[in-house]
S.K.: 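Sending over a structure as structure tokens; questions will come in a sec.
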Amino acid sequence: MPTAQPKPWKGTGMEGWIARWYASTRRNDMEDFRREAKSAAERLPAGACVLEVAPGPGFFAIELAKLGDFRITGLDISRTLVKIAAENARKAGVNVDFRLGNASAMPFADESFDFVYCSAAFKNFSEPVKALNEMYRVLRPTGEALIVDLCKECPDAAIDAFVKRSGRGPIDAWMTKWTFRHVLLKRAYTREDFARMSEQSHFGACRIDGDGFGVAVRFAKRNARVARAESR
């Protein structure tokens with residue numbers, strides 16, 4: 001089986017005006033953030049430690065913080081977005097620890113988190129399997145990880161429907177569609193790509209769901225440990 005190769009781009013974060021535009025346009029997707037946060041909160045026990053990898057402007061982490069007694073950390077490679085996310089949390093009156101860092105070399109101790117979440121960013125990581133291995137490392141023995149991202153096979157009609165549903169203005173809608181078609185789809189992964197990367201990672205396997213527009217890829221650390229024990 002071929003191994004996943006590092007991507008040619010370096011995984012550097014968005015900075016300056018592009019980061020501020022991204023934060024602004026993502027406000028149009030608040031209903032999606034709230035829905036994802038509600039789904040996560042229903043699966044988490046009180047006091048759970050949560051890590052969001054590449055939180056961008058921090059909307060998911062902030063919405064999750066509103067829903068329960070969770071200890072939430074966000075790790076992003078963009079200095080601009082870390083500042084924006086921290087300010088958004090302050091304005092929302094919630095406590096989220098946003099930090100600067102790389103998904104392939106996380107500054108956390110082993111088994112620090114119960115749940116790791118990553119949305120709309122995994123396709124941009126320059127070393128995806130290393131990032132998966134880091135998620136595995138920082139998860140507790142019963143922890144789970146969830147990656148939500150664009151599917152490479154996403155049709156144009158699904159992109160148009162997503163942008164229309166979000167209510168973006170004409171210029172923002174044009175920029176968003178252009179970015180999807182000429183940047184994001186080129187970086188996105190297929191279901192087969194995710195299955196292959198999961199097999200190459202310490203997780204060993206994953207569960208993939210999707211709706212044509214995106215994929216939701218779930219990883220369970222306990223399943224990997226059981227599989228290794230049974231193989232001995």
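Residues take their numbers from the sequence shown, with the count starting at 1.
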S.K.: From Glu36 CD over to Asp29 CG, what is the distance, rounded to the nearest 0.5 angstrom?
M.R.: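 Going from CD on Glu36 over to CG on Asp29, the span is 11.5 Å.
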
S.K.: Ion pair present between Lys38 and Glu42, side-chain N to carboxylate O less than 4.0 angstrom?
M.R.: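 Looking at Lys38 and Glu42, the cut-off is met.
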
S.K.: Validate the cation-pi geometry between Lys221 and Tyr136: distance from NZ or CZ to the six-membered ring centre under 6.0 Å, angle to the ring axis within 45°.
M.R.: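 Yes; both conditions hold, so Lys221 lies above the ring face of Tyr136.
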
S.K.: Counting the benzene-type ring for Trp, do Phe180 and Phe213 have ring centres under 6.0 Å apart?
M.R.: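 Centroid distance Phe180-Phe213: below 6.0 Å, so yes.
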
S.K.: Verify the cluster assignment for Phe162 and Ile171: are they in a single hydrophobic cluster under the rule of side-chain heavy atoms below 4.5 Å apart?
M.R.: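 Same hydrophobic cluster.
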
S.K.: Would you indicate whether Lys177, at its atom NZ, is surrounded by more than 12 heavy atoms from other residues, nucleotides or ligands within a distance under 6.0 Å?
M.R.: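 Count over threshold, so yes.
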
S.K.: Does any N or O in the side chain of Asn133 come within less than 3.5 Å of the main-chain N or O of His202, such that one atom is a donor and the other an acceptor?
M.R.: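 Yes, because the side chain of Asn133 sits within donor-acceptor range (under 3.5 Å) of the backbone of His202.
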
S.K.: Can you tell whether the side chains of Asp97 and Arg99 come within less than 4.0 Å, N to carboxylate O?
M.R.: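 Salt bridge between Asp97 and Arg99, a charged N being under 4.0 Å from a carboxylate O: yes.
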
S.K.: Assess the residue pair Val215 and Arg191 against the criterion (side-chain contact (heavy atoms from CB on, under 4.5 Å)); give the C-alpha distance rounded to whole Å, side-chain angles, the decisive distance to 0.1 Å, and a yes or no.
M.R.: CA-CA 8 Å; Val215 290; Arg191 289 168 176 255; 4.2 Å; yes

S.K.: Taking a hydrophobic cluster as the set of Ile, Leu, Val, Met, Phe, Trp and Tyr residues connected by side-chain heavy atoms closer than 4.5 Å, whether directly or through intermediates, do Val217 and Val129 fall within one such cluster?
M.R.: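 Yes, one cluster joins them.
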
S.K.: What is the distance from atom CG of Leu51 to atom CG of Leu139, rounded to the nearest 0.5 Å?
M.R.: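 Answer rounded to 0.5 Å: 8.5 Å.
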
S.K.: Under 4.0 Å between a Lys/Arg side-chain N and an Asp/Glu carboxylate O for Asp149 and Arg187?
M.R.: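 Arg187 and Asp149: not salt-bridged.
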
S.K.: What's the shortest heavy-atom distance between Ile208 and Ala195, and which atoms?
M.R.: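 That closest heavy-atom pairing would be CD1-N, 4.0 Å.
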
S.K.: Is the backbone N or O of Met106 less than 3.5 Å from a side-chain atom of Glu134, with the two atoms forming a donor-acceptor pair by type?
M.R.: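 Yes, the answer is positive, given that a donor and an acceptor are paired below the 3.5 Å cut-off.
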
S.K.: About how many Å separate NZ of Lys186 and NZ of Lys123, when rounded to the nearest 0.5 Å?
M.R.: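 If we round to the nearest 0.5 Å, Lys123:NZ and Lys186:NZ are 14.5 Å apart.
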
S.K.: Give me the atom names and distance for the closest heavy-atom approach of Met197 to Leu132.
M.R.: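 In terms of heavy atoms, the two residues are closest at O-CD1, 3.8 Å.
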
S.K.: Report the C-alpha distance between Cys118 and Leu146 in whole Å, list the side-chain angles of each, state the deciding distance to 0.1 Å, and finish with yes or no for side-chain contact (heavy atoms from CB on, under 4.5 Å).
M.R.: CA-CA 6 Å; Cys118 179; Leu146 171 61; over 6 Å; no

S.K.: Would you say Thr25 and Arg168 are linked by a side-chain donor-acceptor pair, where the criterion is simply a distance under 3.5 Å?
M.R.: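 Per modelled atom types, Arg168 and Thr25 side chains form a pair under 3.5 Å.
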
S.K.: Any link between Val50 and Val116 through a network of hydrophobic side chains (Ile, Leu, Val, Met, Phe, Trp, Tyr) touching at under 4.5 Å?
M.R.: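 No, separate clusters.
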
S.K.: Looking at side-chain heavy atoms only, is the closest gap between Leu75 and Pro107 below 4.5 Å?
M.R.: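 Yes, their side chains come closer than 4.5 Å.
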
S.K.: Any sub-3.5 Å donor-acceptor pair from Arg222's side-chain atoms to Thr142's backbone N or O?
M.R.: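 At least one qualifying donor-acceptor pair exists.
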
S.K.: How long is the straight-line distance from CH2 of Trp21 back to CZ of Arg26, given to the nearest 0.5 Å?
M.R.: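 So the gap between those two atoms works out to 10.0 Å.
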
S.K.: Could you give me the CA-CA distance, side-chain angles and deciding distance for Arg165 and Glu31, then say whether salt bridge (charged side-chain N to carboxylate O under 4.0 Å, His left out) is met?
M.R.: CA-CA 11 Å; Arg165 186 172 64 250; Glu31 287 306 312; over 6 Å; no

S.K.: Quick one: closest heavy-atom pair of Ala109 and Arg137, and the distance?
M.R.: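 Answer, listing the atom of Ala109 first, then Arg137: C-NH1, 3.6 Å.
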
S.K.: Is Lys152 salt-bridged to Asp193, cutoff N-O under 4.0 Å?
M.R.: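 Judged by the 4.0 Å cut-off on N to carboxylate O distance, Lys152 and Asp193 do not form a salt bridge.
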
S.K.: Kindly work out whether a path of hydrophobic side-chain contacts (I/L/V/M/F/W/Y, heavy atoms less than 4.5 Å apart) joins Phe33 to Phe98.
M.R.: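 Same cluster: Phe33 reaches Phe98 through Ile, Leu, Val, Met, Phe, Trp or Tyr contacts under 4.5 Å.
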
S.K.: Give the minimum heavy-atom separation between Phe219 and Ser198, together with the two atoms involved.
M.R.: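 The pair with the smallest heavy-atom distance is CE2-CB, 3.6 Å.
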
S.K.: Please round to the nearest 0.5 Å and tell me the distance separating atom CD of Glu127 and atom OG of Ser104.
M.R.: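 So the CD of Glu127 and the OG of Ser104 are separated by 4.5 Å.
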
S.K.: For Gly214, does its backbone N or O pair with a side-chain atom of Asp211 as donor and acceptor, under 3.5 Å?
M.R.: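 Present.
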
S.K.: Measure the spacing between CZ of Phe70 and CG of Asn95 and express it to the nearest 0.5 Å.
M.R.: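 Phe70 CZ to Asn95 CG: 14.0 Å, rounded to 0.5 Å.
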
S.K.: Is Val94 reachable from Leu81 through a run of I, L, V, M, F, W or Y residues, each pair having side-chain heavy atoms under 4.5 Å apart?
M.R.: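 No, separate clusters.
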
S.K.: Can you establish whether the number of heavy atoms outside Lys66 located under 6.0 Å from its atom NZ is more than 12?
M.R.: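 Counting neighbours around NZ of Lys66, more than 12 heavy atoms of other residues, nucleotides or ligands fall under 6.0 Å, so yes.
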
S.K.: Within the distance-only criterion (no hydrogens, no angle test), does the side chain of Asp76 pair as donor or acceptor with the backbone N or O of Leu100 below 3.5 angstrom?
M.R.: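 Answer holds: no.
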
S.K.: What I'd like to find out is whether the side chain of Trp174 reaches to under 4.5 Å of the side chain of Val163, using heavy atoms alone.
M.R.: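 Not in contact.
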
S.K.: Out of Met14, Glu15, Arg20, which residue meets the side chain to side chain contact (heavy atoms under 4.5 Å, CB included) rule with Ile18?
M.R.: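 By the side chain to side chain contact (heavy atoms under 4.5 Å, CB included) criterion, Ile18 pairs with just one of Met14, Glu15, Arg20: Met14.
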
S.K.: Looking at every heavy atom in both Glu153 and Cys151, which two are closest together, and how far apart are they?
M.R.: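 Minimum heavy-atom separation between Glu153 and Cys151: OE1-SG, 2.8 Å.
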
S.K.: Can you confirm whether the side chains of Asn88 and Arg27 place a donor and an acceptor under 3.5 Å from each other?
M.R.: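 Yes.
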
S.K.: Please determine whether a side-chain nitrogen of the Lys or Arg among Arg34 and Glu63 lies less than 4.0 Å from a carboxylate oxygen of the Asp or Glu.
M.R.: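 Salt bridge between Arg34 and Glu63, a charged N being under 4.0 Å from a carboxylate O: yes.
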
S.K.: How about Phe122 and Phe194: are their ring centroids closer than 6.0 Å?
M.R.: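 Here the rings of Phe194 and Phe122 have centres that are less than 6.0 Å from each other.
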
S.K.: How far apart are the closest heavy atoms of Ser112 and Cys49, and which atoms are they?
M.R.: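 Scanning both residues completely, I find the closest heavy atoms to be O-CB, 3.6 Å.
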
S.K.: Whether Glu199 and Arg196 form a salt bridge (side-chain N of Lys/Arg under 4.0 Å from carboxylate O of Asp/Glu) is what I want to check.
M.R.: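 The answer is no: the pair does not qualify as a salt bridge.
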
S.K.: With distance as the sole test, does Ser39 use its side chain to make a donor-acceptor pair with the main-chain N or O of Arg35 at under 3.5 Å?
M.R.: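 No.
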
S.K.: I'd like to know whether CZ of Arg79 has more than 12 heavy-atom contacts from other residues, nucleotides or ligands below 6.0 angstrom.
M.R.: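 Counting other residues, nucleotides and ligands, CZ of Arg79 stays at 12 neighbours or fewer.
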
S.K.: Under the criterion side-chain contact (heavy atoms from CB on, under 4.5 Å), I'd like the reasoning laid out for Ile84 against Glu87: C-alpha separation, chi angles, the key distance, then a yes or no.
M.R.: CA-CA 5 Å; Ile84 290 172; Glu87 178 62 12; 5.9 Å; no

S.K.: Going through the checks in order, is the side-chain contact (heavy atoms from CB on, under 4.5 Å) test met by Ile72 and Phe115?
M.R.: CA-CA 10 Å; Ile72 306 172; Phe115 180 58; over 6 Å; no

